[in-house]
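Structure first, then comments.
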Amino acid sequence: MLEEVLLFLICFILVLILYEIFIVLPMKNYRKNKSKGKKIKKVRNDPVEVKYLIFKYGLNIEKVDYNKLLRIVSLVSSFDIAIVVSMVAIIEKFGYVWQMILSIVIIIPLFLITYGLVAKYYKKKGMIKNV
């Protein structure tokens, strides 16, 4: 039991740090340069999670504090990945095929549930279109 909790915490922190370095910081710098009117050579896309919230739930990106949204997305994604890794590590004795099947079965509903909760949070704040 202690090993699983430790694995969860290590995975959560590691993924959160990587997410901050490779996704959040570049997007924050991009948005900051864009808002200052600097000419940007390459158009950067929003992270997939943000696109999902905009497409599926109608998140109004003009009303949202984008930096806060990136932080929430990084926390939720790190949580999701840490949960999946912990669950898959529990059944390591069954082999890689079962681990892959379990990870696919777990990640899709977990993703839908957690980002549904994020959408509810923003709906409560009045930042979803057509509310």
Side-chain angles (χ1 to χ4, degrees):
M1 179 68 181
L2 184 61
E3 293 92 18
E4 287 85 8
V5 172
L6 190 60
L7 176 67
F8 174 81
L9 289 175
I10 290 171
C11 183
F12 178 77
I13 292 169
L14 182 65
V15 171
L16 184 62
I17 290 169
L18 291 173
Y19 206 93
E20 289 286 328
I21 291 170
F22 292 110
I23 303 294
V24 175
L25 287 177
M27 284 308 298
K28 285 171 73 172
N29 292 336
Y30 169 72
R31 292 283 177 167
K32 190 185 308 179
N33 290 339
K34 186 177 178 184
S35 67
K36 287 183 180 178
K38 292 184 180 178
K39 198 163 193 171
I40 298 172
K41 297 176 186 173
K42 184 174 152 183
V43 175
R44 301 222 32 192
N45 291 328
D46 291 327
V48 174
E49 296 90 345
V50 173
K51 287 182 182 179
Y52 175 74
L53 289 169
I54 293 169
F55 175 73
K56 174 78 174 165
Y57 298 104
L59 183 68
N60 190 349
I61 202 70
E62 286 91 29
K63 290 184 180 180
V64 174
D65 178 9
Y66 194 75
N67 292 334
K68 185 177 179 182
L69 175 63
L70 287 175
R71 297 271 182 209
I72 290 172
V73 164
S74 67
L75 284 170
V76 170
S77 295
S78 300
F79 177 77
D80 289 349
I81 292 170
I83 289 286
V84 170
V85 167
S86 299
M87 297 291 279
V88 169
I90 291 172
I91 64 155
E92 72 180 48
K93 60 186 170 207
F94 293 116
Y96 294 114
V97 175
W98 287 109
Q99 287 178 330
M100 292 301 293
I101 291 170
L102 179 67
S103 64
I104 291 170
V105 168
I106 291 173
I107 194 70
I108 293 170
L110 185 64
F111 178 83
L112 294 174
I113 290 169
T114 55
Y115 281 97
L117 293 173
V118 171
K120 275 189 178 182
Y121 168 76
Y122 279 111
K123 185 175 184 178
K124 194 179 275 190
K125 296 280 188 179
M127 297 181 187
I128 301 287
K129 295 176 185 172
N130 299 327
V131 174

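Hydrogens, waters and symmetry mates play no part in the numbers below; they use all other heavy atoms, side chains included. Bear in mind the structure is a predicted one, so any value in this text is a computation, not a measurement.
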Membership question, hydrophobic clusters at under 4.5 Å side-chain separation (ILVMFWY): are [Y] and [X] in the same one?
{"X": "I10", "Y": "F8", "result": "no"}
{"X": "V73", "Y": "L117", "result": "no"}
{"X": "I23", "Y": "L14", "result": "yes"}
{"X": "V48", "Y": "L16", "result": "no"}
{"X": "L59", "Y": "I113", "result": "no"}

Nearest 0.5 Å, please: how far is [atom2] in [Y] from [atom1] in [X]?
{"X": "I91", "Y": "L102", "atom1": "CD1", "atom2": "CG", "value": "4.5 Å"}
{"X": "S77", "Y": "F12", "atom1": "OG", "atom2": "CZ", "value": "10.0 Å"}
{"X": "L112", "Y": "D80", "atom1": "CG", "atom2": "CG", "value": "10.0 Å"}
{"X": "F79", "Y": "L110", "atom1": "CZ", "atom2": "CG", "value": "6.5 Å"}
{"X": "S103", "Y": "I108", "atom1": "OG", "atom2": "CD1", "value": "9.5 Å"}

Each residue besides I81 in its hydrophobic cluster should be listed here, by chain and number; the cluster joins Ile, Leu, Val, Met, Phe, Trp and Tyr at side-chain heavy-atom distances under 4.5 Å.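 Joined to I81, directly or through intermediates: L7, V15, V85.
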
Aromatic plane relationship, F111 with Y115 - under 30° parallel, 30 to 60° tilted, over 60° perpendicular: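 Y115 vs F111 ring planes: tilted.
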
Closest non-hydrogen atom pair between [X] and [Y], with its separation:
{"X": "P47", "Y": "Y66", "result": "CD-OH, 3.5 Å"}
{"X": "C11", "Y": "A82", "result": "SG-CA, 3.7 Å"}
{"X": "I128", "Y": "Y57", "result": "CG2-O, 2.9 Å"}
{"X": "L70", "Y": "V24", "result": "O-CG2, 3.9 Å"}
{"X": "Y121", "Y": "K68", "result": "OH-NZ, 2.9 Å"}
{"X": "I106", "Y": "M87", "result": "CD1-CB, 3.6 Å"}

In a check of side-chain contact (heavy atoms from CB on, under 4.5 Å) between K129 and each of N60, I54, I61, which one passes?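 The single option meeting the side-chain contact (heavy atoms from CB on, under 4.5 Å) with K129 is N60.
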
Please name all residues satisfying side chain to side chain contact (heavy atoms under 4.5 Å, CB included) with K120, sequence neighbours left out, ordered by chain then number.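 Applying side chain to side chain contact (heavy atoms under 4.5 Å, CB included) to K120 gives none.
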
List the residues meeting side chain to side chain donor-acceptor pair (under 3.5 Å) with S74, not counting sequence neighbours, and say none if there are none. E20

Under 4.5 Å between any side-chain heavy atoms of L69 and L53, yes or no?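 Yes, side chains in contact.
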
